[in-house]
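Below: one structure, written as structure tokens.
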Amino acid sequence: MLGNISLGRFYPAESLLHQLDPRSKILSAIAMMFLIFMSQSLWTMLILAFITFVFVGLSKVPFKTVLSGLKPMIFILVFAFTINLFTVTGDPLLEIGPLTVSDQGLLTALRMASRLALLILNTTLFLTLTTTPIHVADAMESLLNPLRRIGFPAHEMAMMMSIALRFVPTLLEETDKIMKAQSSRGADYDTGGLITKARGLVSVLIPLFVSAFKRAEDLAVAMEARCYRGGEGRTRLKVMAYQQRDIWFGAVMAALVVLVLLASYAIG
Amino acid sequence: MKPFIELDSVSFTYHQENAQPLIAVDHVSLSIQKGQHVAILGRNGSGKSTLARLINALEQPDEGSVLVDGLLTNLEENIWEIRRRCGMVFQNPDNQIIGTTVEEDVAFGPENLGFAQPKIRKAVDEALAYVGLSDMAQKPPHFLSGGQKQKLAIAGILAMRPACLILDEATSMLDPYSSDELMKLVHKLIKDEHLTVINITHNMEEALLADFVYVMSEGKIILSGKPAEVFDQVETVKSLGLDVPVHCDILYQLSSMLDLPLMPQETADWSKACHAAVRLLDQSEAAGNIHLLSDQSVFNKPGLVQDGSPNQPEPSGSAADGSKEEKIPLHLTEHQQQAAEKKPKNPEAIVEVDGLTYTYTPGTVLSTDALHDVSFKVFRGELLGVIGHSGSGKSTLIQHLNGLLRTQTGRVEVLNLDASNNHDIRKIRQHVGLVFQYPEHQLFEETVFQDIAFGPKRLGLDMNQVEQRVLKAARIVSLSEDMLERSPFELSGGQKRRAAIAGVLAMEPDVLIMDEPAAGLDPAGRDELLGYAAKLREMGVTVILVSHSMDDIARMADRVLVLNEGRVHAYGTLDQIFNDDTALKAAGLSLPRPVAFMRMMKTQISSISEYAYTPEQAAIELIRAYCAQTADQKTENQEKDDQKTAGREKASQTKDCRELADQMKAGDEHAR
């Protein structure tokens with residue numbers, strides 16, 4: 001049943017990473033991204049890879065599950081690797097027909113690929129595998145809250161994200177129903193060329209949009225009826241509060257940033 | 001005492017682009033006391049939902065004033081307090097849930113009110129415990145059933161500590177079991193929390209539970225009073241496109257047949273109605289009128305044929321009537337009767353389902369058995385009712401009948417085509433039309449004509465044939481030609497649904513499956529839609545009507561398939577199904593209301609047959625059974641020497657029965 005799908009790839013477990021405040025995890029993910037972008041040598045890459053493996057260990061998410069996060073990006077990874085491998089010039093190592101692989105090419109390709117892979121692994125680990133989407137939304141709101149003073153709609157964005165998350169299963173179910181209804185009237189979504197398929201999509205998308213608008217209208221009224229009037233003066237059932245472990249983790253992250261920066265400077 | 005809600009000559013108009021302004025509420029004045037339970041009845045578009053929005057300060061009146069708990073709704077500073085005090089439950093369970101988990105949703109109101117965190121926690125936990133959803137607190141809302149979602153909506157309101165609850169057709173998308181549960185919850189709230197309740201509804205039985213009823217039409221209040229007072233006005237209520245509760249209708253029919261008036265509020269509840277029936281019959285007997293009816297009469301038919309109900313003892317006096325020709329029971333509605341007469345000896349099975357078992361997402365933790373060893377046949381030309389409450393497997397089953405779901409185990413054959421074979425499925429879809437629940441959601445073309453033409457075009461017909469089919473389909477559901485050129489999204493709710501049904505009819509299916517075609521419609525709309533099902537059946541289309549309304553199924557179907565937890569719970573003719581209500585109860589279903597009423601009347605008139613499927617049949621049967629009973633009493637007092645002649649007379653009267661029933665019906669229609 002479509003109704004039973006779960007969003008994202010949250011992996012339920014009880015680990016340090018799961019228990020961290022979602023804001024700590026967003027900040028950590030940003031710190032890791034920063035380091036990954038800053039690191040220029042393969043050596044620092046190796047250090048970062050090691051740190052990432054430690055985080056995976058702390059998350060209690062099976063390594064295989066974490067790696068499977070790379071699957072949708074595999075094409076880009078291979079592409080980035082190959083392009084760098086054959087285009088960067090340096091001392092030739094290998095010649096395959098008209099193509100040349102240089103030592104610089106190999107190094108750059110490895111660096112690019114590992115940089116991309118580490119970026120993906122860290123963000124999925126911190127933001128999808130150990131944090132539910134709704135927590136990410138809440139944390140974003142809280143982190144962006146100071147920007148409200150300059151007119152940034154932090155609360156509205158978080159509310160939109162949370163409503164979107166709430167309605168994804170509902171709309172999936174609806175799509176399934178509409179497709180079945182149109183199939184009963186002879187629509188065929190499986191065969192035919194691209195144009196036929198695209199035209200067939202119209203018979204699904206229009207009803208889906210009409211219904212989504214209706215739902216949006218209903219929901220707006222329901223929200224007003226329950227006294228919703230924007231973020232002003234609104235409290236929360238679940239108040240995010242940094243715990244002791246967040247402070248420890250934050251301290252460790254800060255130390256890591258400094259260390260890796262120094263190290264990469266030293267290695268140069 | 002100062003009323004809790006007071007409307008003083010309130011008017012409200014919707015101003016739409018490219019359309020006439022719509023006066024939704026027209027000088028309405030009413031007052032509701034604290035703790036009162038009020039029902040507001042009216043057809044779709046009669047202004048009752050707008051009235052609710054005016055009370056909840058979601059709209060401000062153009063004229064007049066709305067006062068809620070001493071606060072005027074048109075003052076900006078009062079709005080939020082009014083909305084806190086008056087919680088509102090809407091029709092569509094899905095479109096009012098905001099939170100991504102059950103408890104987050106309950107917290108939404110208190111969060112908006114700026115309650116401190118511990119206070120929110122307490123309010124949420126208490127509200128969830130009150131409605132019985134505590135163990136679902138962490139679940140995402142799409143794991144809940146429709147009934148649970150509405151309970152969640154009530155919890156969300158309770159957490160705001162309200163004084164008033166407004167239900168805006170809150171039960172209209174629920175099955176009878178869930179609606180009952182929800183209304184029980186509402187009554188518990190009235191008792192425990194002394195909440196003022198305003199229930200906007202199409203359900204007349206729900207209105208009976210109220211202290212006071214307002215009936216709206218075209219923005220005005222037409223009737224008001226205690227439920228019993230309002231439902232005394234049977235003709236007015238029916239002329240407004242509404243209905244009266246079944247027992248009121250039976251008594252109304254009885255009183256007009258006997259030509260005796262009912263006393264005010266004599267049908268306030270079932271037991272009063274029961275006494276009223278006996279009073280009317282006795283009075284008619286005393287005046288000798290009932291025998292004028294019975295002498296020539298329909299009503300004297302000795303015992304209804306207990307078709308296929310072996311447990312039922314033959315009613316006394318039916319001995320003379322064992323002949324085979326009398327196999328057609330009187331209590332069938334007209335179309336059912338005609339069908340019974342026309343029924344060929346060996347009916348052709350147009351759909352055959354054998355040992356069908358279906359599991360969703362097999363082999364995973366989420367795997368659920370939706371169907372288990374389901375077998376049945378549908379015969380050409382019949383109307384098969386499929387009943388069962390939400391989650392009983394009805395939807396899964398019908399999706400197998402045109403190949404939308406592939407068979408896993410078992411066989412589905414339609415017109416000897418195999419629904420598991422890809423090639424056959426294409427053909428099957430041409431023969432089996434499926435009208436989904438809320439079919440209006442599938443409209444998408446620019447004009448109604450094009451939308452209806454979607455199916456026929458797919459069949460590869462030429463434009464001429466397509467047009468013919470569209471016009472024919474439109475005619476069946478009474479869509480006028482000028483409507484065909486309009487956008488489907490401009491139509492009213494009922495018109496949209498008819499257009500969507502026409503889209504399926506234009507495929508000219510041999511078998512038409514209708515899933516809950518009357519869902520969410522008011523009584524007149526429901527009757528109209530069910531009328532189309534009957535019409536199609538007369539045109540020779542085999543109809544499978546899926547519903548959770550026992551009353552509708554009893555009125556319409558030739559045979560019934562009862563599903564419960566994915567299994568065939570009962571399967572057979574109406575009489576066979578309703579003979580054993582313990583089986584129905586086990587499936588969470590109740591008897592059709594006329595049958596239940598007749599069962600209660602049995603304590604008064606023992607020879608009564610319970611198998612009455614419409615109020616009219618019930619009234620006829622009441623008169624018949626009463627006459628039979630008094631006749632029996634007389635014969636007991638008399639000498640038995642005339643017994644043979646009496647028997648012969650009865651037999652001759654029997655022949656006239658159906659004829660007279662028809663006369664009665666014709667007369668009734670004429671009177672209307």
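So that the names make sense, note that chain A is the first sequence line, chain B the second, and so on, each numbered from 1.
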Answer with side chain, backbone, both or neither: which region of [X] has an atom nearer than 4.5 Å to a non-hydrogen atom of chain B?
{"X": "A/V202", "value": "both"}
{"X": "A/E174", "value": "side chain"}
{"X": "A/F167", "value": "side chain"}
{"X": "A/S211", "value": "neither"}
{"X": "A/I178", "value": "side chain"}
{"X": "A/M179", "value": "neither"}

Under 4.5 Å from any heavy atom of chain A - which part of [X]:
{"X": "B/P110", "value": "backbone"}
{"X": "B/P140", "value": "neither"}
{"X": "B/D94", "value": "both"}
{"X": "B/L443", "value": "backbone"}
{"X": "B/I82", "value": "neither"}
{"X": "B/V106", "value": "backbone"}
{"X": "B/F108", "value": "both"}
{"X": "B/Q399", "value": "side chain"}

Open item on the list: I need the contact set between residues 218-231 of chain A and chain B: heavy-atom distance under 4.5 Å, sorted by residue number.
Closed with: A/D218, A/L219, A/V221, A/A222, A/M223, A/E224, A/A225, A/R226, A/C227, A/Y228, A/R229
In Å, rounded to the nearest 0.5 Å, how long is the span from [atom1] of [X] to [atom2] of [Y]?
{"X": "A/R185", "Y": "B/F436", "atom1": "CZ", "atom2": "CZ", "result": "11.5 Å"}
{"X": "A/T170", "Y": "B/N92", "atom1": "OG1", "atom2": "CG", "result": "9.5 Å"}
{"X": "B/T100", "Y": "A/L165", "atom1": "OG1", "atom2": "CG", "result": "7.0 Å"}
{"X": "B/D125", "Y": "A/L237", "atom1": "CG", "atom2": "CG", "result": "8.0 Å"}

- [ ] Check the pair B/V504, A/S184 against side-chain contact (heavy atoms from CB on, under 4.5 Å), reporting the backbone distance first and the verdict last.
- [x] CA-CA 8 Å; B/V504 178; A/S184 300; over 6 Å; no
With a cut-off of 6.0 Å (strictly less than), are more than 12 heavy atoms of other residues, nucleotides or ligands near [atom1] of [X]?
{"X": "A/I74", "atom1": "CD1", "answer": "yes"}
{"X": "B/R426", "atom1": "CZ", "answer": "no"}
{"X": "A/Q244", "atom1": "CD", "answer": "no"}
{"X": "B/Y14", "atom1": "OH", "answer": "yes"}
{"X": "B/E446", "atom1": "CD", "answer": "no"}

TODO: Determine the option with the most heavy-atom pairs under 4.5 angstrom with chain A, choosing from B/I157, B/L434, B/V89, B/I98.
DONE: B/I98
- [ ] Output the option from B/T101, B/L459, B/D451 having the highest count of non-hydrogen pairs under 4.5 Å with chain A.
- [x] B/D451
Task: Side chains of A/K180 and B/L405 in contact at under 4.5 Å (non-hydrogen atoms) - done: yes
TODO: Would you check if the side chain of A/T235 reaches a backbone N or O of B/F115 as a donor-acceptor pair within less than 3.5 Å?
DONE: yes
- [ ] Would you check if the side chain of A/K177 reaches a backbone N or O of B/Q437 as a donor-acceptor pair within less than 3.5 Å?
- [x] yes
Task: Distance-minimising heavy-atom pair for A/A181 and B/Q442 - done: CB-OE1, 3.2 Å
Open item on the list: On a heavy-atom basis, which atom in B/I97 and which in A/R166 lie closest, and how many Å separate them?
Closed with: O-NE, 2.8 Å
Task: salt_bridge(A/D188, B/R458) N-O dist < 4.0 Å - done: no
- [ ] Flag the one option from A/S162, A/G233, A/S183 with the top tally of heavy-atom pairs under 4.5 Å to chain B.
- [x] A/S183
